[in-house]
Amino acid sequence: MKKKSSTRSKAVAPRKSRTMPKKYQAPLIEKKWQRIWEEQGLFKTEMFSNKKQKYYCLVMFPYPSGDKLHVGHWYNYGGTDTFARFMRMKGHNVFEPMGFDAFGLPAENYAIKSGVHPAKSTAKNISYMRKQLRSLGAMYDWEKEVVTCDPEYYKWTQWLFLQFYKKGLAYRTKAPVNWCPHCQTVLANEQVQNGICERCGTAVTKKDLTQWFFKIRDYADRLLDFKGLTWPEKTKSMQEHWIGRKEGINIRYRIKDSDKEITVFTTRPDTNFGATFVVIAPEHPLVDSLTTMENEAAVHDYIQDAKSKSEIERMNDVREKTGVFTGSYAINDLTGYEMPVYVADYVLMDFGTGVVVGVPGHDRRDFEFANKFSIPIIRVIQGIDGNTGPIDSIDKVQEDDGIMVHSEFLNGLHPTEAISKMMDYIEKKGFGKRVINYRLKDWLLSRQRYWGCPIPIVYCKSCGEVPVSEKDLPVLLPEKVNYLPKGDERSPLGTSKQFVHTTCPKCGESAEREVDTMDTFVCSSWYFLRYPSSDFFREIDSSKKGSKQTHFSKNTHISHNVHAFDQKLTKKWLPVDMYIGGAEHACMHLLYARFFTKVLHDLGYIDFEEPFTRLVHQGIITKNSAKMSKSRGNVVSPDAFVKRYGSDVFRMYLLFMGPFTEGGDWDDRGITGLARFIEKVYTLITQKKTDIDDPEMLRLIHKTIRKVGFDIERFQFNTAIAALMECTNMAYKKGLSRDSAKFLVKLLAPLAPHFSEEMWGYLGGKFSVFDAPMSETAWPQFDSALAAETEVELVIQVNGKVRGRLMVSVDISKEEAISQVKEVENVKRYIEGKTIRKEIYVPKKLVNIVV
RNA sequence: GCCGGGAUGGCGGAAUUGGUAGACGCGCGGGACUCAAAAUCCCGUGUCCUCAAAGGAUGUGUGGGUUCGAGUCCCACUCCCGGCACCA
């Protein structure tokens, strides 16, 4: 390492005096520093060094789409890089990797349309995007790049699947699943939005298929625990809601004139004295046996009708309650009431027990249903207004609050107390048991698509379902496959005889491979674990071109790809300290990654339970207030702007638009402001040097140090830039000493890295502006003494209205300030001849005289 | 329907959490430089009254309230954005 630092300073010796061009040549200078940074290996993280505290700063990796990187990416990655550079300058050993989430539907859909093989288009997109990312000028350590469609990577995705499988956390079962007729694949619940396929917008239908699932439900309770995480409250509550933990009770009702029973789930057993009917989901297995002969035809018709509806059709029918009587009655043991059992599609099979007990007086849906079918409505909770009369309109349906009535031993209680009392009673009597239900479903991970990670399972006639042995991984995705959808549920891989035919790992007899691939979210659920050790495990293959395969720093030993991630590096670098990405992943990627981390913890591979300690969501950059998309034709490409103004200006402009977490609407006019700003700093530094700073100038420099650091820490880049502009504006008038100019350049460095590196060199600073000698930090120290004001402006108010201003010394006493204030001409006009009722003095701020 | 977040000049947005509303930037107006234009620099820029200045009135979605003082706190409402949505 020592050798290296000496070559560094030689290669880029500070230029003390040289004539600078009148104008700042952004494109030229940026390319120069990108080259030097790379040659010097400035951003190659010292993975084993303990000299500084580690900081793992991660941004969600991009999908290599044909649209390339748009301004949204630049916003996101630019902001992340600014933060990462700031942390580096604050003295951390920062690791900021980049990679590609390369499997997935879009590449495959593109392939179907254009005939270009997904492997080809993906590789092409990646190489273009790499170029774009380089021009961004971020601190990416490219030797640690991760590409999920690389067999060296997905080998371990498969290995992880096998670990889950061995633990019983991956299983195969027949279940009603979401099916997208356009993408010709099943989808996870998380990928269906309002009944529509998240990818292509087609209405999703339900199918009964045998599919692979991860048992994420087993982790529901632990996923509700966000202890120690600095995450946006909103994201946490979205996950909470998605998991949907509900405490309730399963109550069994006897069926009249039969030995059958029916079980309902309810969170509100307190209202059970008011239960007058029961509704069962159309898909429920008990429907047939509950249906009496004379009702069979009607029930059959109703179920057929419900089945034929798509998810959206069912949702559109929300207003209108439908249903049909089965002919059976369930007996309410509390009252002896015989409750008719109906079939209705407003009851969902996959929540609770698929059966609901109807309390029309205190549930609006039940009321609508009872109203339509003329079922009696009983009041068991007094109205808030004290009303105990009949409930004859939906407005009178009181769902919570109030006092129990007509409920024997519950009378006089509040619902919350009544709930637990009733649960105790039911459990004691033996016709029910407390249970916890979750909205969260197990994660459906199989996809009937080609461009994904193959599931490492083999089906053998005699041994059944057999996992591929670990030494045989990866199960390679064959290249020569007809990836066009077949119009049925068969996966494209099923057409490759070479792929399908294999031998059973157990008995050696001929067997068939699983032909489904994994959801891409499986690949991205652990990539953050791979980054620190990715080059460590990268196989060296001389047949592969490109520098990334052959460059290894001297202190890492070359290893073959023998683990998913290295124990030592993982212990050192994880969890991720700062994770930045879109809020749209709240209930998908961010939940899945937490699940994976917890499972790997339980399996003993890692010693932490949460992958991302701090999480920040960037806002969305829109164009004409609409999301940028190819179909709308409003995608703004960053390339032209970068070419014209340089990455620094472009990045800064995006960050200047507003708070990072809020995004903004793209307007290409405003960018000139940032271009002018950089130009101004350039002129300032190259032409407006003074020997000594004006005291006011020095004060502002130190105030700016405090402000910029404070703002960047909180991702308020917009106000950090504004503060730098203010500082520059004053310096432009007053001139700036070399030392202060160096401070200014340092403050600017995280935001405009290339420009600052150049100016740093010009000012005689030692390469690099992002580094500092051991005992120091590159980020300037704020000196409160130098920032302290000697004089402040007091605002003078009379009756709360501003009537004047006065410069006073900071340590002026209350009495002194007030007496001085009273001498101000304009103030006199308002207080003369009036009695002063109150005098308020806020030190260093204002005086308010009440007359 | 439920849960979040928001509404501030012509525009994007500031405001130390109750103490100068409109920082900073864009745009616009005026001026300087120039044969001219661009670029650059300087001045101005919420609205209204006033020739102008001084000064004043008014002003942070709407209506009320608390306070010496409210963009900020409380109550009621309107609209916009995001999430969930027949979840028992």
Side-chain angles (χ1 to χ4, degrees), chain A residues 22-23 193-195 232-235 237-238 240-242 244 246 248 264-269 271 279 281 314-315 317-322 344-348 350-359 363-366 368-369 437-439 583-584 586-587 617 619-620 622 625 652-653 656-659 661-662 664-674 676-677 679-680 683 706-707 710 716 718-729 732-733 793-805 825-826 829 837-851:
Chain A
K22 258 230 139 45
K23 282 189 161 287
Q193 296 184 342
N194 295 322
E233 288 304 317
K234 195 189 165 178
T235 312
S237 77
M238 274 169 73
E240 261 165 31
H241 187 250
W242 187 259
K246 291 256 167 72
V264 307
F265 172 73
T266 180
T267 55
R268 295 296 303 275
T271 59
V279 189
R314 237 172 116 155
M315 282 173 189
D317 295 342
V318 162
R319 299 273 150 253
E320 187 72 17
K321 291 276 174 295
T322 60
D345 65 1
Y346 85 91
V347 175
L348 308 171
D350 52 10
F351 188 79
T353 58
V355 191
V356 166
V357 58
V359 183
D363 182 289
R364 296 168 75 92
R365 293 173 313 244
D366 292 348
E368 283 172 22
F369 192 84
N437 252 300
Y438 299 94
R439 224 185 68 112
E584 68 275 14
C587 296
H617 296 305
I620 297 168
T622 53
S625 358
M652 266 198 293
Y653 174 53
F656 187 62
M657 290 198 317
T661 50
E662 255 143 71
D665 197 54
W666 173 260
D667 179 357
D668 46 11
R669 278 176 308 185
I671 195 167
T672 51
L674 273 298
R676 280 178 198 152
F677 168 60
E679 207 55 53
K680 207 164 181 179
T683 311
R706 180 176 51 186
K707 171 96 177 130
F710 188 62
Q716 287 174 7
N718 55 331
T719 48
I721 295 169
L724 287 164
M725 284 171 166
E726 275 185 81
C727 188
T728 302
N729 288 344
Y732 206 77
K733 282 177 188 144
E793 190 183 58
L794 276 189
V795 171
I796 311 163
Q797 297 183 332
V798 179
N799 286 347
K801 287 200 186 290
V802 180
R803 296 302 178 189
R805 263 138 233 212
E825 266 317 304
N826 199 42
R829 278 175 45 196
R837 294 213 339 255
K838 210 169 183 181
E839 284 164 343
I840 291 142
Y841 173 63
V842 184
K844 299 181 202 178
K845 289 258 160 68
L846 62 67
V847 171
N848 189 9
I849 298 167
V850 187
V851 294

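Every chain is numbered from 1, with letters handed out A, B, ... down the list of sequences. What you see is a predicted model; the values in this text were computed from it and never measured.
- Nucleotide C33(B) forms a pair with no other nucleotide shown, judged by Watson-Crick or G-U wobble geometry with both contacts under 3.5 Å.
- Across all strands shown, U47(B) forms a Watson-Crick or G-U wobble pair, both distances under 3.5 Å, with A57(B).
- Using the Watson-Crick or G-U wobble rule with both distances under 3.5 Å, C68(B) pairs with G19(B).
- Applying the Watson-Crick and G-U wobble criteria (two distances, each under 3.5 Å), G82(B) pairs with C3(B).
- Of the candidates C86(B), A14(B), A23(B), the closest approach to any side-chain atom of Y346(A) belongs to C86(B).
- Distance check, rounded to the nearest 0.5 Å: CG of L846(A) to CD1 of I840(A) gives 8.5 Å.
- Comparing N718(A) and A723(A) along RNA chain B, the residue whose closest nucleotide (by nearest heavy atom) sits nearer the 5' end is N718(A).
- Taking the six-membered ring for Trp and thresholds of 30 and 60 degrees, Y346(A) and F369(A) have ring planes inclined between 30 and 60 degrees apart.
- In this structure, R803(A) reaches the sugar-phosphate backbone alone: every heavy-atom distance under 4.0 Å involves primed, P, OP1 or OP2 atoms, never a base.
- For K246(A), the listed nucleotide lying nearest its side chain is A88(B); candidates were U20(B), A88(B), G12(B).
- Across all strands, E793(A) comes closer than 4.0 Å to base atoms (heavy-atom distances).
- D667(A) comes within 4.0 angstrom of nothing in the nucleic acid, heavy atoms only.
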Write down the protein N/O and nucleotide N/O pairs, taken from nucleotides 82-84 of chain B, whose separation is under 3.5 Å; answer none if there are no such pairs.
residue: G82(B); atom: O2'; partner: K234(A); partner atom: NZ; Å: 3.3
residue: C84(B); atom: O3'; partner: R439(A); partner atom: NH1; Å: 3.3
residue: C84(B); atom: O2'; partner: H241(A); partner atom: ND1; Å: 3.2
residue: C84(B); atom: O2'; partner: H241(A); partner atom: NE2; Å: 3.4

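- Of the candidates G55(B), U58(B), C42(B), the closest approach to any side-chain atom of Y732(A) belongs to C42(B).
- Distances were taken from every side-chain heavy atom of N826(A) (C-beta onward) to each of A88(B), G56(B), C26(B); the shortest belongs to G56(B).
- The partner of A52(B) is absent, by the rule that a Watson-Crick or G-U pair needs both atom distances under 3.5 Å.
- Nucleic acid contact class of T683(A) (heavy atoms, under 4.0 Å, all strands): none.
- Considering only side-chain N and O atoms, K801(A) lies under 4.0 angstrom from the phosphate OP1 or OP2 of U58(B).
- In the set U20(B), G25(B), A14(B), the nucleotide with an atom closest to the side chain of V802(A) is U20(B).
- S237(A) comes within contact range of no nucleotide atom at all, as no heavy-atom separation falls under 4.0 Å.
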Practice problem: Heavy atoms under 4.0 Å is the rule here; annotate nucleotides 64-69 of chain B 5' to 3' with B where the base is hit, S where only the sugar-phosphate is, and - elsewhere. | Solution: ----B-
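- For N729(A), counting side-chain heavy atoms from C-beta on, the closest listed nucleotide (A57(B), A88(B), C24(B)) is C24(B).
- The residue R676(A) sits close only to the backbone: its heavy atoms come under 4.0 Å of sugar-phosphate atoms, none of a base.
- When both pairing distances are held under 3.5 Å, C11(B) makes a Watson-Crick or G-U pair with G25(B).
- The side chain of K23(A) has A39(B) as its nearest neighbour among A39(B), A88(B), G13(B).
- Distance, R669(A) CZ to G12(B) C1': 10 Å, rounded to whole Å.
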